[in-house]
Protein chains: 2
Amino acid sequence: MDKQRCIERLEKKGVRVTSIRMLVLDALMRASRTMSLADLETELETVDKSSIFRTLEVFEANHLVHSIDDGTGSMKYEICEGEDSCTVADMHTHFYCEKCHKTYCLKEINAPLVDLPEGFTVHSVNYIIKGICSSCRE
Amino acid sequence: MDKQRCIERLEKKGVRVTSIRMLVLDALMRASRTMSLADLETELETVDKSSIFRTLEVFEANHLVHSIDDGTGSMKYEICEGEDSCTVADMHTHFYCEKCHKTYCLKEINAPLVDLPEGFTVHSVNYIIKGICSSCRE
DNA sequence: CTGCCTGCCGCAACCGGGTTGCATTTGTCC
DNA sequence: GGACAAATGCAACCCGGTTGCGGCAGGCAG
């Protein structure tokens, strides 16, 4: 685990450093894709799910992670790339594979933004494509 | 209630006509926006939620309605416009108001479709914008 | 008409993800 | 060290969705 890097990141956002926060942050940093609360629970056997849940709350409030609802019924969490907070323009596309049930981050593809009717204010955008991923179709 | 219209729609899809199916279909046809299972439960006081649930399953399987996950934790249902099944190209944008908690169908705005990396097959697209709707910002 | 069979429906119980209340532990500051 | 605040673990709860099962209704055969 890259202890130093975790501590830096936490301190940079003014989040108090604790052992659990290190564990959760590290797991998310190592993950190549999004993780659900259940994923984290499995990986961090010793940690209670409510602690993970509250940790994620804190992380999200401090723009360390953002959450994605991929429509599977369980929220996915992903570490924020930029050092600063994620804006609407930064939101990227996610792809949910209906076969292997993984949610991919297509970081290189920004979520498209359509024009809204008069009077609508945008806070966030959620763009999920469902289908079969490249490794599942053989 | 436009009884005749309901019967037509059901028969056209080969769905057996029952009183409950009429009620659910009618409620959805009258709705100007998406409805959740809970919304339907409230509107159709006399009908059990499991019956509504199973009715919606049948409707969805027969392309009478489609479901949208707006990220609020409760699925929304919306009557299919076209007489035939909804394709990816037909999917339109939805807008969730964080103040009044309603999900709007922006029928005139098709969901954008981005290019995916090699090997990914698209089945469906979910495009939700969250923010404040025009009637909530005064 | 009668009986059978299939599908629809209501009830109650269940499930899983998320959330909360509360007591305990940990950490910080003086 | 002591006091106070924050973080954590545990257990219970909540809510939307889902299922098992028994009862009912409607269509069809005899």
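Order of the sequence lines fixes the chain letters, A, B, ..., with proteins taken first and strands second; residue numbering starts at 1 for each chain.
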Quick check on the hydrophobic clustering: are A:Tyr77 and A:Phe59 connected, directly or via other members, by side-chain heavy-atom contacts under 4.5 Å? yes
Does B:Thr18 have a side-chain nitrogen or oxygen under 4.0 Å from the phosphate oxygens OP1 or OP2 of C:dC9? yes
Looking only at the side chain of A:Met75 (C-beta and beyond, no hydrogens), which of the listed nucleotides C:dT19, C:dG18, C:dC9 gets closest? C:dG18
What's the CD1-P distance between A:Ile68 and C:dG17, to the nearest Å? 17 Å
Which listed nucleotide (C:dT19, D:dC21, D:dG17) is nearest to the side chain of B:Ser74? D:dG17
Counting only side-chain N and O atoms of B:Ser50, is one of them less than 4.0 Å from OP1 or OP2 of C:dG10? no
Looking at C:dA12, C:dG7, D:dG9, which one has an atom nearest to any side-chain atom of B:Arg16? C:dG7
Categorize A:Arg54 for me: base, sugar-phosphate, or nothing, with a 4.0 angstrom heavy-atom threshold over every strand shown. base
More than 12 heavy atoms of other residues, nucleotides or ligands under 6.0 Å from CZ of B:Arg5: yes or no? no
Report the residue (B:Ser36 or A:Ile20) whose heavy-atom-nearest nucleotide on DNA chain D is the more 5′ of the two. A:Ile20
Could you check whether A:Val58 gets within reach of a base, just the sugar-phosphate, or nothing at all, counting any heavy atom under 4.0 Å? nothing
Report which part of the nucleic acid A:Arg21 touches: base, sugar-phosphate, or nothing (heavy-atom distance under 4.0 Å, all strands). sugar-phosphate
